[in-house]
2 protein chains.
Amino acid sequence: MKTYREENYLKAIYQLASHDKTRTVSPTDIAHWLELKPPTVLEKLGILVKKGLVTYNKFDGAKLSPKGNEVALNIVRRHRIWETYLYKQLKFSWSEVHEIAEQLEHVNSEKLIDRIYDVIGRPDFDPHGDPIPNKQGKLPKSDRRPLSESIKGCKCVVLGVSEHSELFLNYLTELNIRLNDKLVVEQINSYDDTLKLSSKNNETVLMSSKAAQQIQVQCVKPNCACK
Amino acid sequence: MKTYREENYLKAIYQLASHDKTRTVSPTDIAHWLELKPPTVLEKLGILVKKGLVTYNKFDGAKLSPKGNEVALNIVRRHRIWETYLYKQLKFSWSEVHEIAEQLEHVNSEKLIDRIYDVIGRPDFDPHGDPIPNKQGKLPKSDRRPLSESIKGCKCVVLGVSEHSELFLNYLTELNIRLNDKLVVEQINSYDDTLKLSSKNNETVLMSSKAAQQIQVQCVKPNCACK
DNA sequence: ACATAAAATTAGGTTACCCTAATTTAGAGT
DNA sequence: ACTCTAAATTAGGGTAACCTAATTTTATGT
Ligand SMILES: [Mn+2]
Ligand SMILES: [Mn+2]
Ligand SMILES: [Mn+2]
Ligand SMILES: [Mn+2]
């Protein structure tokens, strides 16, 4: 019996754990993420533990079992494939795809996922630059770091965004910054770390440190000084 | 709060009512259709009545209110649009589309439905020949009758099927009969009403009366003798 | 160490959905 | 009218998912 709510719990644990690998995933974290209350989550954790999908104790928090991890990665796979399909095939914007994919990810038809994955050309990354796990749950590797860690003069390419909110994505779209765009860090304000960037066709934009932390990049020059 | 179960109840009432307009839709009918038990259905009918989506009494059975009808037709619309999309765009067979559409029909995004409806060219009928309601719930008209009512010599075109089971649809596919194919009734066995048909490229096939009742056709000749 | 604040847990309830086992009604046949 | 059957309804439960209001732990700041 694998309901979409159960899928959401497992996915939440996966997301929270991969977001910050150092901290434990607490009932409160999950509750906040899923917009539920801690007792509700705790109750469900008990059930997931009994089903062997999760382990939990208050010190280590919730962790996915191998079985639970497999289920979670499968949902993540479906989510990111749908996002890519919506983006590339159905011309939705990268700020719209997440919400619809939240629903589509629970449609249970392996053949359908396979079909749309073929249609979009079996890509490794979704419209936000997030890796698409393969059927075995293996994630394609990619080497990336936040734009906020760049030093002056660094030329880098945008490989992803860590935040998926419409607000943030529309903000980037307004700045005319997209996936795979190249950026040059012209200046870094030493007071508040605001970045002056030059982007496509030498447009210059200012970006807060807060925003820069959410943008994942890779240096373009092989021996760039940003580590 | 409109859950997919509620959507399924409303759709079931709609389907049962349109299948046989003479008979009332009883709790037992609905229970059978949804693979539930009558008390379960009765309970839900009470809730739907309270919500103003349905009227019910044991003599007239369950009827959709204008509001309930609107919801039901919207689900039917989504279902048939998805079926068509799966069929035309994603190359699923007409026997596969129903099951997947049963899930996809509950995805709540008007923009998504609009988009895929545009992609498939805003057709009036789905892969089984069923009419796709417009946003206002209006059904395109079509003039059709069961193939079993044809008389000898009738030349007609297949516009739809009344049964959607994989078994039946695969059977038709094996007979090489598809939507929009033209058939000629060569002979009707007077004992059991078995039809001898000639179909595409003069293949001759035999078809039981039972199967012929499930095939919806229209006469090709303007003044065909089958009324 | 001690007071406090935050997080986890327990207790106790609600609603949505489903079920089985009566019981009551309605219909059909005689 | 009377009987028998099938359908509708009532009674009584169960589970999954949520919640609020305690209570208990755990962590934190003096
Ligand atoms: Mn997403
Ligand atoms: Mn994404
Ligand atoms: Mn269908
Ligand atoms: Mn159909």
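Order of the sequence lines sets the chain letters (A, B, ...), proteins ahead of strands, with each chain counted from 1. Atom set for the values below is all heavy atoms of this structure, side chains included, hydrogens, waters and symmetry mates excluded.
The distance from atom CZ of B:Arg5 to atom C1' of D:dT15 is 11 Å, rounded to the nearest whole Å. Between the C1' atom of C:dT23 and the CG atom of B:Leu42 lies a distance of 14 Å, rounded to the nearest Å. If you take CG of A:Leu45 and P of C:dA7, they are 16 Å apart, rounded to a whole angstrom. Distance, A:Lys51 NZ to D:dT15 P: 14 Å, rounded to whole Å. Atom CZ of B:Phe59 and atom C1' of D:dA7 are 12 Å apart (whole Å). B:Ile30 places its CD1 atom 14 Å from the P atom of D:dA7, with the value rounded to the nearest Å. Across the protein-nucleic acid pair, A:Tyr4 atom OH and D:dC18 atom C1' stand 12 Å apart, rounded to whole Å. For the pair B:Leu36 CG and C:dA16 P, the computed distance is 16 Å after rounding to whole Å.
Comparing A:Lys37 and B:Asn57 by the nucleotide of DNA chain D that holds the closest heavy atom to each, the one mapping nearer the 5' end is B:Asn57. Annotation: of the two residues near DNA chain D, A:Val41 and A:Lys58, the 5′-most nearest-nucleotide partner is A:Val41.
Taking 4.0 angstrom as the limit, A:Lys44 places a side-chain polar atom (N or O) nearer than this to OP1 or OP2 of D:dA17. For the pair B:Ser26 and D:dA8, the criterion of a side-chain N or O lying under 4.0 Å from OP1 or OP2 is met. The side chain of B:Tyr9 contributes an N or O atom lying less than 4.0 Å from OP1 or OP2 of C:dC18. Contact between the side-chain N/O atoms of B:Thr40 and the OP1/OP2 oxygens of C:dC19 is found at a separation under 4.0 Å.
Geometrically, B:Arg77 engages B:Tyr117 in a cation-pi contact, judged by NZ or CZ lying under 6.0 Å from the ring centre and within 45° of the ring axis.
For the pair B:Ser95 (side chain) and B:Leu169 (backbone), a donor-acceptor distance under 3.5 Å is absent.
Under the 30°/60° scheme for interplanar angles, the aromatic rings of B:Tyr85 and A:Tyr85 are found to stand perpendicular.
Salt-bridge check for B:Glu163 with B:Lys210: failed, with every basic side-chain N at 4.0 Å or more from each acidic carboxylate O.
Contacts of A:Ile47 with the nucleic acid, taken as non-hydrogen atoms under 4.0 Å apart, are absent.
Here D:dA7 is the nucleotide among C:dT9, D:dA17, D:dA7 with the atom lying nearest to any side-chain atom of B:Thr28. Checking C:dA26, D:dT9, C:dC17 against the side-chain heavy atoms of B:Pro39 singles out D:dT9 as nearest. Distance from the side chain of A:Glu43 is smallest for D:dA17 among the nucleotides D:dA8, C:dC17, D:dA17.
Side-chain contact of A:Thr173 with A:Asn170: a donor-acceptor pair under 3.5 Å is absent, judged by distance alone.
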